[in-house]
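Heads up, the thing below is written out as structure tokens.
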Amino acid sequence: MTYWLVKSEPDAWSWAQQLAKGVEPWTGVRNHQAAANLRAMKPGERAFFYHSNQGKEIVGIVSVLRPAYPDPTDTEGKWVAVDMKAERTLQVPVTLARIKAEPALADILLVRNSRLSVMPIPDAAWRKICVLGGIAP
DNA sequence: GCCAACGTTGGC
DNA sequence: GCCAACGTTGGC
């Protein structure tokens with residue numbers, strides 16, 4: 001069971017929209033490392049939903065409803081999408097600043113590689129962020 | 001708005 | 001195959 005984090009610019013797709021819609025295809029990933037992570041996702045695995053650019057905070061949790069399939073927005077057919085389902089909203093959003101202030105979280109890819117949009121999150125970091133977010137892991 | 005980090009493109 | 005130029009992402 002791997003935990004994940006996915007980024008979305010709230011201008012393009014916000015947590016409020018995800019909550020309202022429930023299930024949404026996660027499309028448009030055009031980076032090989034991120035795409036490899038999408039391909040590794042299994043149904044039922046969970047991911048933090050992070051608002052990039054505006055907010056810069058983890059706001060919710062989604063789960064993988066449908067694993068990797070050809071991204072319908074890719075005409076060449078070489079990239080993949082997954083379907084994400086809204087699970088729950090964090091009691092307290094966990095900001096990037098808060099994460100950076102936490103020595104135990106200094107090594108996560110969100111901090112180490114700010115440009116990666118889909119990444120795995122180690123179990124211990126997942127639990128820590130859930131605590132910071134005011135929810136049970 | 002700026003810029004660092006990173007990926008991609010194209011000339012050689 | 002190297003690397004400079006350029007574009008994009010995303011934090012500040």
Side-chain angles (χ1 to χ4, degrees):
Chain A
M1 208 58 165
T2 306
Y3 294 110
W4 307 95
L5 181 146
V6 293
K7 291 183 179 178
S8 183
E9 293 186 39
D11 272 358
W13 184 251
S14 70
W15 178 242
Q17 287 173 294
Q18 178 79 47
L19 265 184
K21 183 125 182 263
V23 179
E24 176 74 3
W26 207 264
T27 59
V29 172
R30 297 292 184 269
N31 168 281
H32 286 102
Q33 200 182 342
N37 290 331
L38 281 186
R39 287 180 209 275
M41 288 181 178
K42 301 188 182 87
E45 287 185 337
R46 291 185 288 160
F48 286 129
F49 188 110
Y50 176 82
H51 275 163
S52 60
N53 279 323
Q54 293 166 54
K56 279 167 286 186
E57 57 191 5
I58 296 170
V59 287
I61 293 175
V62 290
S63 66
V64 179
L65 190 69
R66 180 185 174 192
Y69 61 92
D71 184 340
T73 70
D74 170 29
T75 49
E76 289 186 39
K78 50 182 223 178
W79 299 101
V80 294
V82 300
D83 286 354
M84 289 300 202
K85 177 168 179 270
E87 288 290 339
R88 61 189 307 194
T89 305
L90 296 201
Q91 210 68 43
V92 185
V94 179
T95 65
L96 181 60
R98 184 71 185 85
I99 288 168
K100 285 187 168 174
E102 199 60 55
L105 298 174
D107 281 338
I108 67 173
L109 286 165
L110 187 68
V111 176
R112 283 292 190 82
N113 181 2
S114 64
R115 293 189 50 191
L116 186 63
S117 62
V118 182
M119 67 192 74
I121 294 289
D123 289 14
W126 177 273
R127 288 193 296 273
K128 180 79 186 165
I129 292 167
C130 284
V131 169
L132 294 175
I135 62 170

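Order of the sequence lines sets the chain letters (A, B, ...), proteins ahead of strands, with each chain counted from 1.
Whole-Å rounding puts the A/Q33 CD to B/dG7 P distance at 7 Å. Taking atom CZ of residue A/R115 and atom P of nucleotide B/dA5, one finds them 11 Å apart after rounding to whole Å. For the pair A/N53 CG and C/dT8 P, the computed distance is 14 Å after rounding to whole Å. When rounded to the nearest whole Å, the span between CG of A/L116 and C1' of B/dA4 equals 16 Å. Separating the NE2 atom of A/H32 from the C1' atom of B/dG7 is a distance of 10 Å, rounded to the nearest angstrom. Note: CG (A/L109) to C1' (C/dT9) measures 16 Å, nearest angstrom. For the pair A/K7 NZ and B/dA5 C1', the interatomic distance rounds to 11 Å; values are reported in whole Å. Following rounding to the nearest Å, A/H51 (NE2) and C/dC12 (P) show an atom-to-atom distance of 17 Å.
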Could you tabulate the donor-acceptor pairs under 3.5 Å formed by side-chain atoms of residues 95-111 of chain A, not counting sequence neighbours?
residue : atom : partner : partner atom : Å
A/T95   : OG1  : A/R98   : N            : 3.0
A/R98   : NH1  : A/E102  : OE1          : 3.0
A/R98   : NH2  : A/E102  : OE1          : 3.3
A/D107  : OD1  : A/R112  : NH2          : 2.7

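Between A/W26 and A/F49, the ring center distance clears the sub-6.0 Å criterion. The ring of A/H51 has its center no closer than 6.0 angstrom to the ring center of A/W13.
Around atom NZ of A/K21, more than 12 heavy atoms belonging to other residues, nucleotides or ligands sit under 6.0 Å away. Applying the 6.0 Å contact sphere to CD of A/E76 captures no more than 12 heavy atoms from other residues, nucleotides or ligands.
Tested against A/N37, the residues A/N31, A/V118, A/V6 include a single side chain to side chain contact (heavy atoms under 4.5 Å, CB included) partner, A/V118.
Between the two ends of the helix from B/dG1-C/dC12 to B/dC12-C/dG1, each summarised by a five-pair axis, the helix axis turns through 10° (rounded to 10 degrees).
Scanning all heavy atoms of the two residues, the minimum distance from A/E45 to A/A40 falls at OE1-O, 4.0 Å.
Taking 4.0 angstrom as the limit, A/Y50 places none of its side-chain polar atoms (N or O) nearer than this to OP1 or OP2 of C/dT9. Close to C/dT9, at under 4.0 Å from its OP1 or OP2, lies no side-chain N or O of A/K56.
For A/K100, whose side chain is taken as the heavy atoms from C-beta onward, the closest listed nucleotide among C/dC12, C/dG10, B/dG7 is C/dC12.
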